[in-house]
Every structure is written in structure tokens, then in C-alpha cells.
2 protein chains.
Amino acid sequence: MSSEKLKNTGLKITSARLAIFRIFENAPDKHLSAYDIQDLLKEEDIDIALATVYRVLGQFEEADLIQRHDFDDEKALYELHDGKQHDHMVCERCGNVTDFFDGEIEKRREDLLASHGFTLSGHRLVLYGVCSSCAN
Amino acid sequence: MSSEKLKNTGLKITSARLAIFRIFENAPDKHLSAYDIQDLLKEEDIDIALATVYRVLGQFEEADLIQRHDFDDEKALYELHDGKQHDHMVCERCGNVTDFFDGEIEKRREDLLASHGFTLSGHRLVLYGVCSSCAN
DNA sequence: TTTATTGCAAAACCTTTGCATGTAT
DNA sequence: ATACATGCAAAGGTTTTGCAATAAA
């Protein structure tokens, strides 16, 4: 249940936080910007100031409920942090983001980072290409 | 020589373009922001408006002289486009960028993109971790 | 009632753009 | 002489912040 996870963060259970968290639960595997979230809520006649959306997103990220990604030079995208690690494939044309998991590249990635003195934090790997819709 | 490559772009050879291109040639493997470039030039008592730096960077990128990267939510970084393909390792704490090349992950990347209907464009792959300086 | 949260407006920040002036060809 | 580059100031877009009003504990 939504409020359970929220309570564990120590944050107060407010309607804004519940509404925003519900958006993520209803859109798993989606990558949403602060504007996307505000728009989705507006469709339900829920009006939340953008400043609040940003603040709540920051708090959720701090609490490891969601992950923030800066894939391109546009808006930051957020997604539910579900524990299952996965990486991302980003279309350089339209910005479309596709999740994937690959054990082999995963292992290689760990070796590479380690051999350069990097330690793992999170598991982020991003591949850039052009998606099929944009390729024609 | 600098002016050779510049001439091939069809752009006029101006002092601003020469100065900016020289910065890149003198700092291979470095990833510089527009501000970095302006600062480096200021140290040589060369004053170029930020708007010009941005415009020139855009033109250089268009001409494939340099590459633009948006690794995080901060400033865009530019580096010389030397032909040798390589990927990047980014420290999530300090933003430090390290180049690397790995044939195995390279091949795996191509397979992965293809199997998801993505086509290659450029060869961008980014690993995120924490560098040794930030790890302590 | 005490403390945290929200909304609003304004600011911060990077990046782009309009326009008049200056420079390369 | 013509076309393109530059500087300046202003605007654009996303994200953050100050502060008074409001809601959660």
C-alpha cells in the first residue's frame, strides 16, 4: 500500500505526497518529468504547484523511493525505484527511454568501473541510439 | 593545423573560432563546458562573450569537430571529436568524466540496441559510479 | 500547538535569440 | 560590398528558494 512506504520515510503523509506517489505506482516502467506528473494530476483535477512537485520528488529520491535520471539536456525524468536493477536505452532523436537488463553487460560494467577505481553506486548504465520509430 | 580543419567546415576563420578550437587541441581528453572555455581564454586575456562560445560550440558540433555530452543536470560538456570511438564513465558525486574503451561491452551494446529495434547513432555509452577520490 | 508542507512569486542557472555593430571574404 | 560573426542584453526553459499561509502530527 502506498502510505506504508511513505510512512517509512519519516515524511508526513500529505495529499500531495500521496497523489504523486500514486502516479508512480500507476505508471511502473514509465519515466516522468515534474511537468508530466503535474499534468497527470491535473487530469484528475488535482492541482499541485510545480515547486511542490519538485520538492516532493527530491524528498522521494532522497528516501530511495524513486530514481532521478538526466538522460539529455531537457527535463529530468523520474521513475519508481523498484529494487530490480535495470539499465536504460535512450533514443537520441525523440528521447524515448526503454528499460533493459543484460547480465553479461552488467558483469562487464562492474569489472570496468572497478578497474578504473570506480565503485558501484546504484547501477546506472545508459545506451544511446535511435529507436525504430525515428529510424525511418 | 588548426585552421586547416576549420577551413574544411566552411565557417569563416575568426579569432574567436581559432581561440576556441585551440583550447580543445591543447586539452585532448578533457571535457569542457562553455564556461570552462571562456575561463581558460580569460586567463590568456582573450575575452569572448558566452553567447559566442555557445554559438561556436554549436557550429563545431554541427561540423563534427567536437562532441557535446549531457552527462548530468549541470552544464553540457564538449570534447574534441577525434574519430577514435570511446565511451564515458561519470562520477555521480563530483561529475568527473573518464574515457574508456572496451571491445567486449562495445559488441554487446550493439547487439542489445539491435535486439530492441534501436540503430546505432554515434556510439554513446555511459557508466555511472563513484570515482576513487569521492569514495573515501 | 508545534513543526513540517504548500503555494506563489521571484530568483538562479544554463542556454538561446534579436538586433545593432564589427569583421572576414 | 556582401555576408557572416560578435557582443550585449534580454528572453527561454527547467529547477530552486524565501516567505507567508496552511495542514499534519
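Numbered from 1 within each chain, the chains take letters A, B, ... in sequence-line order.
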Once you round it to whole Å, what is the distance between [atom2] of [N] and [atom1] of [X]?
X	N	atom1	atom2	answer
Glu74(A)	dT14(D)	CD	P	8 Å
Tyr54(B)	dG7(D)	OH	P	15 Å
Lys75(A)	dG13(D)	NZ	C1'	8 Å
Arg17(B)	dC4(D)	CZ	P	11 Å
Ile20(A)	dT5(C)	CD1	C1'	12 Å
Glu61(A)	dT15(D)	CD	C1'	13 Å
Leu57(B)	dA5(D)	CG	C1'	15 Å
Gln59(A)	dT15(D)	CD	P	16 Å

Residues in side-chain hydrogen bond (donor to acceptor under 3.5 Å, both in side chains) contact with His69(B), at least two apart in sequence or another chain:
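Partners of His69(B) under the side-chain hydrogen bond (donor to acceptor under 3.5 Å, both in side chains) test: Glu79(B), Arg124(B).
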Test side-chain hydrogen bond (donor to acceptor under 3.5 Å, both in side chains) applied to Asp29(B) - qualifying residues, sequence neighbours left out:
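If we apply the side-chain hydrogen bond (donor to acceptor under 3.5 Å, both in side chains) test to Asp29(B), skipping adjacent residues, there are no hits.
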Side-chain N or O of Thr52(A) versus OP1/OP2 of dG7(C): is the shortest distance under 4.0 Å?
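So the side chain of Thr52(A) is within the cut-off, an N or O lying under 4.0 Å from OP1 or OP2 of dG7(C).
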Got a sec? Which of residues 33-50 of chain B come in under 4.0 Å of DNA chain D, heavy atoms?
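Here the set is Asp47(B), Ile48(B), Ala49(B).
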Can you pull out how bent the helix from dT1(C)-dA25(D) to dT25(C)-dA1(D) is, comparing the axes over its first five and last five pairs, to 10°?
30°
Protein-to-nucleotide contact annotation, 5' to 3' order, nucleotides 18-25 of chain D [B base; S sugar-phosphate only; - none; under 4.0 Å, heavy atom]:
B-----BS
Contacts table for residues 49-66 of chain B: side-chain donor-acceptor under 3.5 angstrom, sequence neighbours left out:
unit_1, atom_1, unit_2, atom_2, d
Gln59(B), OE1, Arg17(B), NE, 3.3
Gln59(B), OE1, Arg17(B), NH2, 3.2

Would Lys75(A) and Tyr35(A) count as a cation-pi pair here, with the cationic atom under 6.0 angstrom from the ring centre and within 45° of the axis?
yes
Given ring pair (Phe, Tyr, Trp, His ring centres under 6.0 Å), test Tyr78(A) with His31(A) step by step and report yes or no.
CA-CA 5 Å; Tyr78(A) 300 81; His31(A) 305 80; over 10 Å; no
For the student: nearest non-hydrogen atoms of Cys131(B) and Cys91(B), plus distance:
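Nearest pair, atom of Cys131(B) first, then Cys91(B): N-SG, 3.3 Å.
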Salt bridge (Lys or Arg N to Asp or Glu O under 4.0 Å): which pairs involve residues 94-105 of chain B, sequence neighbours left out?
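Output for this query lists Arg108(A)-Asp102(B), Arg108(A)-Glu104(B).
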Pair up each side-chain donor or acceptor in residues 36-47 of chain A with any protein partner under 3.5 Å, not counting sequence neighbours, and list the distances.
unit_1, atom_1, unit_2, atom_2, d
Asp36(A), OD1, Ser33(A), OG, 3.4
Asp36(A), OD2, Ser33(A), N, 2.9
Asp36(A), OD2, Ser33(A), OG, 3.2
Gln38(A), NE2, Ile48(A), O, 2.9
Glu44(A), OE1, Arg22(A), NH1, 3.3
Glu44(A), OE1, Arg22(A), NH2, 3.4
Glu44(A), OE2, Arg22(A), NH1, 3.4

Partner residues of Asp72(A) under the side-chain contact (heavy atoms from CB on, under 4.5 Å) criterion, sequence neighbours left out:
Glu74(A)
Pairs in or reaching into residues 93-117 of chain A: which pass ring pair (Phe, Tyr, Trp, His ring centres under 6.0 Å), with residues at least two apart or in two chains?
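Qualifying pairs, neighbours excluded: none.
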Sequence-distant partners of Lys107(A), salt bridge (charged side-chain N to carboxylate O under 4.0 Å, His left out), two or more places apart:
Asp111(A)
